[in-house]
Amino acid sequence: MDSMSFILFGATGDLAKRKIYPALYNLFIEGKLSPSFSVIGLGRRELTDEAFQNSVKQSIHTFSRNTPDHQDTMTAFLNVFRYCVLNVNQIGDYYKLLEVVNQREQELNIVENRMFYLSVSPEFFDVIVLNIKESGLGTTQGWKRLIIEKPFGRDLLSAQELNENLSQAFLEEEIFRIDHFLGKPMVQNLDVIESSNPMLQTLWDNHQISNIQIIADETVGVEERAGYYDQAGALRDMFQNHMLQLLMMIAIQVSNKGVAGDVRANKKAIMESLRPLQEEDIIHNVVLGQYIAGELNGNPVIGYADEQGVSANSRIETFMAARLWIDDYFWNKVPIYIRTGKRLKEKATRIVIEFKETLTESKKNKINSNKILVIDISPNEEVYIQINSNNPQNHVASIPERMNCYSNEKNMPEAYEKLILDALCGDATFFAHWDEVELSWKWVQPILNAIDNNLIPLETYEAGSYGPKGSYQLLEVDGHRWALDAFDVNQNPTTSDKEYSYNG
Ligand SMILES: NC(=O)C1=CN([C@@H]2O[C@H](COP(=O)(O)OP(=O)(O)OC[C@H]3O[C@@H](n4cnc5c(N)ncnc54)[C@H](OP(=O)(O)O)[C@@H]3O)[C@@H](O)[C@H]2O)C=CC1
Ligand SMILES: O=C1O[C@H](COP(=O)(O)O)[C@@H](O)[C@H](O)[C@H]1O
């Protein structure tokens, strides 16, 4: 890896403490950082280098998956950190920063390779990039790169404007748009899972696949982020970015395009083939919900509208489900169902591939499909096939069993660790390219318009359930159902249809 200056805007913020410093620390102890690595943290508050280093140390102790064995290791790690006061709106502060960066580059005798990481509110992206250019920070003898956090715009137009502004100072190949779902080990390993398991390859066949389900259920509510979330909702917070990225990743993998090398071009092709939603179709293909009071893990939970910081008559969706079609030769007859929501029954990010029913027996027994391939992305990391076998107690009904194909080790690198390392090495494979981002907003924009025009009902669902009724109906009209809901493989699969459908 090249030596470089890592210039971190928002160094005193939540993301830096919870994700970025622990990631850097783990890369450091694994010897993956350059020996001449320099971090310059930025924020408005006045901090000495020592106070800043102490806060970094604190965050490692609180959030890192590895904690320090030796004081010397920690001291060496902290030694790379310097702090500089900077208000993003003050051009004078950027000139002072340039002096600090130059001084460190000379001390360490390193090339002017500069990584700018914007871990600040998106409202500052434009001004920061402009000032990086104005101040000369972006004029380097080496390379320059920009890492930015989500959200990337709040609709198609604002995303296009933001991209236009970024491109005044950075080339597309210099911009690394973080989507942390792309850094999850299971997502990064999809191609390995496929290529190292011949049995799975035989199943990746569009004649056999009935439907795909992409799920990111969360048990948490809005936590401390009501101010942001009540403006964003599930569509902007999760669907436009993480969920569509998962869709692209699984679609290229299963159709075997993932192995062709150019992941970005293949992802773009998927987005270009995504069937656009016409206004009259939206209501039949999109379900929105907001949670009301309920119970989670035996504890009462308040409704969204009662959360602190949420407006009492908020119409923001905390749940979204949708049916999508990819109009290419491989996927054209396979519906893809996506759902994500807050305060649902369990935390699970997963992709389920359901295969066509061939055994009339299983239909007769009214049991859940016996043929699903589950890719559990988080918090579990596992790939398994669910098959049916005889129930040893009565020899009549079948019970679903798991055949485990792949299960990750514990203490795997976190998403941020993998993504930061990739960006430091200049590998943009697992970052969101502008083409994908723009195409995602293009697909989502008619839904945003329909929401603005009150064309989509906002259903309610109880906290602790699997979401609103409409989410089940979305699949039922196609003869499908959410494959794993209320159907624990360890339980007797005799749940009635009614319970299955709507009971959390
Ligand atoms: N936290 C999370 O889990 C996630 C966050 N993100 C994204 O990461 C980014 C950062 O989020 P987060 O860390 O939570 O935000 P915080 O509010 O915790 O931190 C904001 C940071 O910005 C700095 N800042 C604010 N105003 C200015 C200013 N005028 N000039 C200079 N610095 C300023 C603050 O420093 P100071 O007060 O010292 O000026 C602070 O370091 C956002 O884009 C967010 O959407 C994305 C995914 C998850
Ligand atoms: O980006 C976001 O992701 C988290 C869910 O991420 P996970 O890694 O915990 O599954 C979500 O809670 C948050 O609202 C969203 O902004």
Side-chain angles (χ1 to χ4, degrees), residues 7-23 41-47 51-52 55-56 59 63 83-94 96-97 117-128 131-132 147-154 162 177-187 214-246 304 316-320 340-344 346-350 376-381 414-419 432:
I7 300 160
L8 179 60
F9 293 80
T12 53
D14 177 70
L15 185 72
K17 289 180 187 159
R18 283 196 307 111
K19 299 289 180 188
I20 301 173
Y21 301 140
L42 308 168
R44 285 167 305 178
R45 62 198 87 170
E46 302 272 348
L47 290 180
F52 177 49
S55 77
V56 173
S59 86
F63 299 112
Y83 184 79
C84 184
V85 176
L86 176 138
N87 184 324
V88 294
N89 299 308
Q90 308 284 333
I91 181 72
D93 289 353
Y94 292 78
K96 286 187 207 147
L97 170 63
Y117 194 137
L118 309 196
S119 179
V120 290
S121 167
E123 71 192 270
F124 297 138
F125 291 173
D126 291 337
V127 70
I128 293 175
N131 284 333
I132 287 173
I147 301 182
I148 47 174
E149 284 290 340
K150 60 165 262 205
F152 197 92
R154 50 176 288 110
L162 173 58
R177 296 177 194 80
I178 289 225
D179 185 305
H180 80 277
F181 274 45
L182 291 179
K184 290 182 186 272
M186 200 52 105
V187 176
I214 304 175
I215 291 166
D217 288 357
E218 296 191 80
T219 51
V220 292
V222 283
E223 297 176 296
E224 315 296 313
R225 299 166 69 218
Y228 152 76
Y229 195 88
D230 206 34
Q231 300 297 317
L235 176 52
R236 289 187 173 92
D237 184 49
M238 294 288 290
F239 195 94
Q240 177 272 329
N241 38 71
H242 306 316
M243 305 311 287
L244 290 180
Q245 284 292 340
L246 288 183
Y304 178 72
I316 275 294
E317 75 288 352
T318 58
F319 176 99
M320 175 167 170
T340 182
K342 300 270 185 205
R343 285 287 191 231
L344 296 175
E346 62 165 341
K347 166 83 178 163
T349 303
R350 63 165 62 108
D376 259 332
I377 295 168
S378 66
N380 295 332
E381 293 174 354
E414 277 227 3
Y416 271 84
E417 231 168 290
K418 285 177 155 275
L419 293 175

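Worth knowing before you read on, the calculation uses all heavy atoms, side chains too, and leaves out hydrogens, waters and symmetry mates. Just follow the structure's listing: the first ligand is 1, and inside any ligand the first atom is 1.
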Asker: Can you name the residues that form a side chain to side chain contact (heavy atoms under 4.5 Å, CB included) with Gln231, not counting sequence neighbours?
Answerer: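 If we apply the side chain to side chain contact (heavy atoms under 4.5 Å, CB included) test to Gln231, skipping adjacent residues, the hits are Arg154.
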Asker: Applying salt bridge (charged side-chain N to carboxylate O under 4.0 Å, His left out) to Asp237 and Lys150, what does each step give before you reach the verdict?
Answerer: CA-CA 9 Å; Asp237 184 49; Lys150 60 165 262 205; 3.1 Å; yes
Asker: Just distances here: any N/O of Leu42 and N/O of ligand 1 closer than 3.5 Å?
Answerer: no
Asker: Just distances here: any N/O of Ser121 and N/O of ligand 1 closer than 3.5 Å?
Answerer: no
Asker: Mind checking whether Lys150 has an N or O less than 3.5 Å away from an N or O of ligand 1?
Answerer: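 Yes; at least one N/O pair falls below 3.5 Å.
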Asker: Return a yes/no value: protein heavy atom under 4.0 Å from atom 29 (N) of ligand 1?
Answerer: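 Within 4.0 Å: yes, protein heavy atom nearby.
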Asker: Please say whether Asn89 places an N or O atom under 3.5 Å from an N or O atom belonging to ligand 1.
Answerer: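 In fact, backbone or side chain, Asn89 has no N or O that close.
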Asker: Mark the output for Phe124 as yes if a heavy-atom distance to ligand 1 is under 4.0 Å, and as no if none is.
Answerer: yes
Asker: Between ligand 1 and Pro151, is the shortest N or O to N or O distance under 3.5 Å?
Answerer: no
Asker: Measuring from non-hydrogen atoms of Arg18 to any atom of ligand 1, is the shortest distance under 4.0 Å?
Answerer: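 Judged by the 4.0 Å heavy-atom criterion, Arg18 does count as contacting ligand 1.
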Asker: Considering distance alone, does some N or O of Tyr416 sit under 3.5 Å from an N or O of ligand 1?
Answerer: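 No: no nitrogen or oxygen of Tyr416 is under 3.5 Å from one in ligand 1.
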Asker: Can you list, by chain and residue number, every protein residue with a non-hydrogen atom closer than 4.0 Å to ligand 2?
Answerer: Lys150, His180, Phe181, Lys184, Glu218, Arg225, Asp237, Met238, His242, Lys342, Lys347
Asker: Taking both backbone and side-chain atoms of Val88, is any N or O found less than 3.5 Å from an N or O belonging to ligand 1?
Answerer: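 Checking ligand 1 against Val88, an N or O pair does fall under 3.5 Å apart.
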